[in-house]
Amino acid sequence: MSQSITDILNSAHLDLAPYESLYTYFHANPELSCQEKNTSEKIAAHLASLNAFDITTNIGGYGLTAVLKNGPGKTVLLRADMDALPVKEETGLPYASTVTMADADGIIKPVMHACGHDIHITSLLAASELLVNLRHQWSGTLIALFQPNEERGHGAQSMVSDGLYDKIPLPDICLGQHVMRLRAGTISSKKGTIMAAADSMKITVFGRGGHGSLPHTTVDPVLLAAHIVVRLQGVVSREIDPDDVGVLTVGSLNAGSVENVISDCAEIGIDFRSVKVETREKIVKAVERIVRAECAASGSPKDPVFTPTRRFPPTFNTHVVADQLASSFSAHFGGNFDADTPRTMVAEDFSVLATARDIPCCFWFLGGIDAEIWDQALKDGTTGEIPGNHSARFSPVIQPTLKAGVEALVVGALTFLI
């Protein structure tokens, strides 16, 4: 079956030059989470031009789906995310973003596709056209889903909560991919957990403000926050089993604005990652215990406030689906496919589309780093110095990244549609 998939794929030529131009358009015109209006409209217009899909827009925000019913068989959902990040681009590319836009708080920010969602969009659009061209070779239902607001971790759930599966056929399989700091042209996946769970929260602790010259009349929230930051560093190193996996990062600490004024409160922003549900719960309890104890020790006049800001579930690849895809990918990509890639602590919300209805799923990584750059860095032991996802200098090479991304989606879909 795997070889026949490659034969089928090779039987239909698709000129990727227009899609390379489309990629540079998306890269140069990024939009922040929950504001993907123009991106969504551009995608919908392109899909409509294929004259094959039933398109539904504005699902859970600017999410959209395109459904092609092509006879009896499995229903396969292919997913791409659309949103960009508040990052000022420093790639020096001729199609680099110069876009700015207001974030959710109304603050003007530079915007960049620093996580490769522009590659995801373009790959799925091209794969959709190729599968339309090949529809006499397969039978079933294809769903192309373009998701908003992945970066804040709410987009998949927003689409589900907005009645996604009342608007489209229920998939038998959900598939997705993400471009990563890996050799361009390669595909990597694994059975089981491939991406960690991630949580973020803001913690507000309270003091009693006053003049900097009279600290004895105040409760200093800066000192309180500093103690909390130091104590939090021991959660993973001293409370999590060394055989387990966990990460806890204090990403922000804000208090006051004037040198000689002790403020009334401080805000700490934390992010933590885990693979096991019980480990996540252990980290949550440890954070709350430490914060409350330090507040009590400092004589804080008010209880701390914990405000969750993001939550990503772990991405778990269903074993039977991962095995079937591994067979197809191995046959098609040969040595450019890794069936047991290391698990990453990076997180995604793709799996919500599957777990919402207990749908089998699989997610894989798409390499985006120029082969010569990667090979030299591998030789020098410096691959970690190559700009990766969320870096202002992250710049996946267009080819062969795009070609591999398109082929992976098509091979993935055909694995279950022929």
Side-chain angles (χ1 to χ4, degrees), residues 32-35 83 85-88 100-111 114 149-154 196-239 246-274 280-312 345-347 349 390 392:
L32 291 174
S33 304
C34 301
Q35 301 185 56
D83 53 332
L85 287 158
V87 173
K88 182 176 177 58
T100 60
M101 64 191 310
D103 66 9
D105 297 319
I107 302 171
I108 299 297
K109 298 282 183 67
V111 187
N149 195 16
E150 184 277 332
E151 295 294 354
R152 300 304 302 167
H154 302 299
D199 294 75
S200 298
M201 70 170 66
K202 298 288 188 181
I203 304 168
T204 304
V205 295
F206 300 94
R208 184 172 60 248
H211 200 286
S213 67
L214 303 170
H216 59 292
T217 66
T218 72
V219 174
D220 189 345
V222 174
L223 183 60
L224 164 58
H227 281 297
I228 291 171
V229 170
V230 171
R231 283 297 302 270
L232 289 178
Q233 306 311 306
V235 172
V236 171
S237 66
R238 287 296 175 268
E239 299 191 38
V247 176
L248 193 159
T249 298
V250 178
S252 65
L253 175 56
N254 298 294
S257 59
V258 182
E259 297 91 325
N260 64 343
V261 176
I262 294 173
S263 62
D264 287 312
C265 64
E267 184 182 79
I268 306 165
I270 70 169
D271 177 89
F272 54 94
R273 312 284 169 128
S274 57
R280 177 190 178 274
E281 295 306 313
K282 184 177 289 188
I283 293 174
V284 170
K285 290 178 180 179
V287 168
E288 292 185 358
R289 184 191 74 240
I290 288 169
V291 170
R292 293 187 188 282
E294 290 293 348
C295 286
S298 294
S300 179
K302 293 173 61 177
D303 289 337
V305 174
F306 301 88
T307 306
T309 54
R310 298 192 307 168
R311 183 174 182 185
F312 293 88
M345 297 307 287
V346 175
D349 70 346
H390 289 215

V291 vs F306 side-chain heavy atoms within contact, under 4.5 Å: yes
Donor-acceptor pair, D103 side chain versus D105 backbone, under 3.5 Å? yes
Once you round to the nearest 0.5 Å, how far does CG of D220 lie from CD1 of I262? 4.5 Å
d(E151 CD, L85 CG) to nearest 0.5 Å is 4.0 Å
Taking C-beta and beyond as the side chain, do D83 and L32 meet within less than 4.5 Å on heavy atoms? no
Nearest 0.5 Å, please: how far is CZ in R311 from NE2 in H154? 12.0 Å
Okay, side chain of S300, backbone of K302: is any donor-acceptor separation there less than 3.5 Å? yes
State, yes or no, whether a side-chain contact exists between V87 and V111 at a heavy-atom distance under 4.5 Å. no
Report the C-alpha separation of L232 and I290 in whole Å, then their side-chain angles, then the decisive distance to 0.1 Å, and conclude whether the side-chain contact (heavy atoms from CB on, under 4.5 Å) test is met. CA-CA 7 Å; L232 289 178; I290 288 169; 4.2 Å; yes
Looking at every heavy atom in both P308 and M201, which two are closest together, and how far apart are they? CA-CB, 3.9 Å
Tell me whether R292 at atom CZ has more than 12 heavy atoms from other residues, nucleotides or ligands lying less than 6.0 Å away. yes
Checking D271 against T249: is there a side-chain donor and acceptor pair closer than 3.5 Å? no
Would you compute the distance between atom OG of S274 and atom NZ of K282 and round it to the nearest 0.5 angstrom? 11.5 Å
Is there a donor-acceptor contact under 3.5 Å from the side chain of S252 to the main chain of G269? yes
Pair F312, R273 - check side-chain contact (heavy atoms from CB on, under 4.5 Å), show working. CA-CA 9 Å; F312 293 88; R273 312 284 169 128; over 6 Å; no
Looking only at non-hydrogen atoms, find the nearest pair between G153 and D349 and report the distance. C-OD2, 3.8 Å
Go through the steps to decide whether R152 and T309 satisfy the test side-chain contact (heavy atoms from CB on, under 4.5 Å), and finish with yes or no. CA-CA 8 Å; R152 300 304 302 167; T309 54; 4.0 Å; yes
E239 and its salt bridge (charged side-chain N to carboxylate O under 4.0 Å, His left out) partner, picked from R289, K285, R231: R289
S298 versus L224, closest heavy-atom pair with distance: OG-CD1, 3.5 Å
Restricting to non-hydrogen atoms, name the atom on S33 and the atom on N149 that form the minimum distance, rounded to 0.1 Å. CB-OD1, 3.2 Å
Say whether, by atom type as modelled, one donor and one acceptor occur between the side chain of T218 and the main chain of P215 under 3.5 angstrom. yes
Between atom CG of D199 and atom CZ of F272, what is the distance when rounded to the nearest 0.5 Å? 4.0 Å
Give, for atom OG of S200 and atom CZ of R310, the distance between the pair rounded to the nearest 0.5 Å. 4.0 Å
Which atoms form the tightest heavy-atom contact between A347 and A196, and what is the distance? CB-O, 3.2 Å
Between D264 and R208, does any side-chain N to carboxylate O distance fall below 4.0 Å? no
Of all heavy-atom pairs between V219 and P221, which one has the smallest distance, and what is that distance? O-CD, 3.1 Å
Apply side-chain contact (heavy atoms from CB on, under 4.5 Å) to the pair V305 and V205, showing each step before the final yes or no. CA-CA 7 Å; V305 174; V205 295; over 6 Å; no
